[in-house]
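Computed from a prediction, not measured in an experiment: that's the story for all the values here.
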Amino acid sequence: MKNKYLVGISFLVAICFFSLPKNTKAAYDTLGVNGYILLQVESNGEAWYVYPLNGERYYLGRPADAFEVMKKLSLGAKHDLIINTEIFPEKLSGMILLDVEKNGEAYYIYPKNLKKYYLGRPADAFKIMRELGLGITNQNLAYVPIGNNEGKISVLPGGKYLITNVPFSAQAPYGNWDDQRQQDGCEETSALMSVKWAKGESLNKEQALSQITGSSDYTLKKYGEYRDIALQDTVDWILKDYFNYDKVALVQNITIDSMVEELRKGNLLLVPMNGQLMHNPNFKAPGPPRHMVVVKGYDYERKIFITNDPGTRNGESYEYDFNVFYDAIRNYPTGYHELIQKVEKGMIVVWR
């Protein structure tokens, strides 16, 4: 674990061994996993460390990632206290302690028994990860937010990330594309999927149809339009007004990297598109000139975004090439096929 580097982390020395606030971790712990090492049993056994003081997870897969976690999140402690303590206080459950009076040796305090486990060599750390790790499903893991190490956000191996529990609906749930509200319901449906995800709720076809047509009727009555709703109006009319959900932000001048960064934070993206440039064979030719989709993940190795595309019944987890998708992004004005004056690229970010 490169102990010689850890000795130089001066800010750790200033932290007193008994200075942790009481009951801090209880305020953040919703799944009972704070302080644990989590193993993704439905994937490839990827390991994450859940920091007790904020309930956020940090990826432990590569040596550089594990070292970053240790450097940023460890707690400095005196040598005698570490060596002479057999059972540590509850307030240190799940913490990583550094012996700041020796060579920066690191110890993990296992939450189940409050005993210390040495993390000195990569082999030791790997053994502890496998023997003490707590298995977790991808769905439950998605509820644990990804931590931010001063702008460096941990992601899955190979640069992959996917929010797995986003409900899906086509904008015409029963295939009634003759209903203009459903034909132009991509913004309403994308907003619906994101809000249901944010609230941890499921979604069936009957509920989807009721909400898609209901929100269209609502915006028509109150604002005079429901077709091709612009980004700002989607935020104000549909998300904040109709769905009464305000954990959203409109971001302009986006890039592929800025989209990836928001996804890495565990946020969903609502992105306006020129559907005729998306090359989706499920669209009725030539495709919708104004369209909106939910982006819920990416695979950086394969250069794809993973979406819930409401424009087709086959749209759940539909994959688009990075460049094809980005080239098709278009901000469009509210109103039926209103003229797009210039190409602008924006998105709506939705978080829990």
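- Residue pairs satisfying the ring-ring contact (aromatic ring centres under 6.0 Å, His included) criterion with at least one member in residues 218-242, sequence neighbours excluded, are listed as follows: Tyr218-Tyr242, Tyr223-Trp237.
- Using a 4.5 Å cut-off between side-chain heavy atoms of Ile, Leu, Val, Met, Phe, Trp and Tyr, with links allowed through other members, Met347 and Trp351 fall into the same hydrophobic cluster.
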Note to self: What verdict does the side chain to side chain donor-acceptor pair (under 3.5 Å) test give for Glu344 and Asn253, after you've listed the backbone C-alpha separation in whole Å, the side-chain angles of each residue and the deciding distance to 0.1 Å?
What the structure shows: CA-CA 7 Å; Glu344 295 178 327; Asn253 302 315; over 6 Å; no
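- Side-chain contact, Tyr117 with Asn113: a donor N or O sits under 3.5 Å from an acceptor N or O.
- In terms of the side-chain hydrogen bond (donor to acceptor under 3.5 Å, both in side chains) criterion, Glu101 has no residue partners (sequence neighbours excluded).
- Scanning both residues, Met278 and Ala328, for their nearest heavy atoms gives CG-CB, 3.8 Å.
- In this view, Thr213 satisfies the side-chain hydrogen bond (donor to acceptor under 3.5 Å, both in side chains) rule with no residue, not counting sequence neighbours.
- Counting heavy-atom neighbours within 6.0 Å of Lys199 NZ, excluding the residue itself, gives a total above 12.
- Looking only at distances, a side-chain donor or acceptor of Ser194 sits under 3.5 Å from a matching main-chain atom of Ala191.
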Next item on the list: Test Phe88 against Leu97 for side-chain contact (heavy atoms from CB on, under 4.5 Å), laying out the working first.
Entry: CA-CA 11 Å; Phe88 287 80; Leu97 302 183; 3.8 Å; yes
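- With values rounded to the nearest 0.5 angstrom, Asp184 atom CG is found 12.0 Å from Ile212 atom CD1.
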Next item on the list: Before giving the answer on side-chain contact (heavy atoms from CB on, under 4.5 Å), spell out for Leu134 and Ile37 the whole-Å C-alpha distance, their side-chain angles and the decisive distance to 0.1 Å.
Entry: CA-CA 6 Å; Leu134 182 69; Ile37 295 170; over 6 Å; no
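- Residues passing the side-chain hydrogen bond (donor to acceptor under 3.5 Å, both in side chains) test with Tyr320 are Asn280, Asp309, sequence neighbours excluded.
- Pairing each heavy atom of Val324 with each of His279, the nearest pair is CG1-CD2, 3.7 Å.
- Annotation: the span from Gln232 atom CD to Ile348 atom CD1 amounts to 8.0 Å, rounded to 0.5 Å.
- The number of heavy-atom neighbours closer than 6.0 Å to CD of Glu201, taken from other residues, nucleotides and ligands shown, is above 12.
- To the nearest 0.5 Å, atom CG of residue Leu38 and atom CZ of residue Arg57 are 8.5 Å apart.
- Below 30°, between 30° and 60°, or above 60°: for Tyr58 and Tyr51 the angle between ring planes is above 60°, a perpendicular geometry.
- In terms of hydrophobic clustering, with Ile, Leu, Val, Met, Phe, Trp and Tyr side chains grouped at heavy-atom distances under 4.5 Å, Tyr110 and Tyr118 are assigned to a common cluster.
- Looking at Arg313, its side chain never comes within 3.5 Å of a backbone N or O of Pro310 through a donor-acceptor pair.
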Next item on the list: Could you go through the side-chain contact (heavy atoms from CB on, under 4.5 Å) check for Val195 and Leu239 one step at a time?
Entry: CA-CA 8 Å; Val195 170; Leu239 286 161; 3.6 Å; yes
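- For the pair Ser258 (side chain) and Ile254 (backbone), a donor-acceptor distance under 3.5 Å is absent.
- Using the six-membered ring where Trp is involved, Tyr298 and Tyr161 have ring planes that are tilted, between 30° and 60° apart.
- Judged by distance alone, the side chain of Asp233 and the main-chain N or O of Ile229 form no donor-acceptor pair under 3.5 Å.
- In this structure, His337 and Pro289 have side chains that are in contact, with non-hydrogen atoms separated by less than 4.5 Å.
- Counting only distance, with no hydrogens or angles, the side chain of Thr234 and the backbone of Glu187 share no donor-acceptor pair below 3.5 Å.
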Next item on the list: Let me see the working for Lys296 and Ser317 under side chain to side chain donor-acceptor pair (under 3.5 Å), right down to the final yes or no.
Entry: CA-CA 8 Å; Lys296 62 180 183 179; Ser317 298; 2.9 Å; yes
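- Side chains of Asn331 and Gln252: a donor on one and an acceptor on the other come within 3.5 Å.
- Atom CD of residue Gln183 and atom CZ of residue Arg227 lie 10.5 Å apart, to the nearest 0.5 angstrom.
- When the side-chain contact (heavy atoms from CB on, under 4.5 Å) test is applied to Trp177, the partners found at least two apart in sequence or on another chain are Gln171, Ala172.
- The main-chain N or O of Met292 is found under 3.5 Å from a side-chain atom of Ser190 such that the two form a donor-acceptor pair.
- Side chains of Asn267 and Glu262: a donor on one and an acceptor on the other come within 3.5 Å.
- Linking ILVMFWY side-chain heavy atoms closer than 4.5 Å, directly or via other members, places Leu132 and Leu92 in a single hydrophobic cluster.
- A 4.5 Å side-chain heavy-atom check between Val248 and Lys240 finds at least one atom pair inside the cut-off.
- Proximity of a side-chain donor or acceptor of Lys78 to a complementary backbone N or O of Asp99 within less than 3.5 Å is not detected.
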Next item on the list: Begin from the C-alpha positions of Arg181 and Asp179 and carry the test salt bridge (Lys or Arg N to Asp or Glu O under 4.0 Å) through to its verdict.
Entry: CA-CA 5 Å; Arg181 296 170 299 177; Asp179 182 348; 3.0 Å; yes
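- Side-chain rings of Phe322 and Phe305 approach one another, their centers coming within less than 6.0 Å.
- No single ILVMFWY cluster, assembled from side-chain heavy atoms under 4.5 Å apart, contains both Leu209 and Val294.
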Item checked: Val144 and Glu56: CA distance, side-chain angles, deciding distance, side-chain contact (heavy atoms from CB on, under 4.5 Å) verdict -> CA-CA 6 Å; Val144 185; Glu56 296 178 345; 5.9 Å; no
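- Scanning for ring pair (Phe, Tyr, Trp, His ring centres under 6.0 Å) contacts around Phe168 gives an empty result, with sequence neighbours left out.
- Side chain of Thr137 to backbone of Asn140: a donor-acceptor contact under 3.5 angstrom is found.
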Notebook entry, point to check: Could you go step by step and tell me if Glu301 and Lys303 meet the salt bridge (Lys or Arg N to Asp or Glu O under 4.0 Å) rule?
Noted result: CA-CA 5 Å; Glu301 288 181 346; Lys303 304 298 182 187; over 6 Å; no
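- For Val271 against Phe325, the heavy-atom pair with the smallest separation is CG1-CE2, 4.1 Å.
- With hydrogens and angles ignored, the 3.5 Å screen pairs a side-chain donor or acceptor of Thr85 with a backbone N or O of Leu81.
- Nearest heavy-atom pair, Leu98 versus Ser74, reported as atom, atom and distance to 0.1 Å: CG-CB, 3.5 Å.
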Notebook entry, point to check: What's the verdict on salt bridge (Lys or Arg N to Asp or Glu O under 4.0 Å) for Asp321 and Arg302, showing C-alpha distance, side-chain angles and the deciding distance?
Noted result: CA-CA 8 Å; Asp321 174 84; Arg302 296 169 56 212; over 6 Å; no
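- Contact between Val41 and Gly135 at its shortest, heavy atoms only, is CG1-CA, 3.6 Å.
- One hydrophobic cluster, built from ILVMFWY side chains closer than 4.5 Å, cannot hold both Tyr336 and Ile238; they sit in different ones.
- When all heavy atoms of Pro272 and Gly346 are compared, the pair lying nearest together is CD-O, 3.2 Å.
- To the nearest 0.5 Å, atoms CG (Leu203) and CG (Leu192) are separated by 5.0 Å.
- Side-chain N/O atoms of Thr255 and Lys345 include no donor and acceptor closer than 3.5 Å.
- When atom types are taken as modelled, the side chain of Thr219 and the backbone of Ser216 share a donor-acceptor pair closer than 3.5 angstrom.
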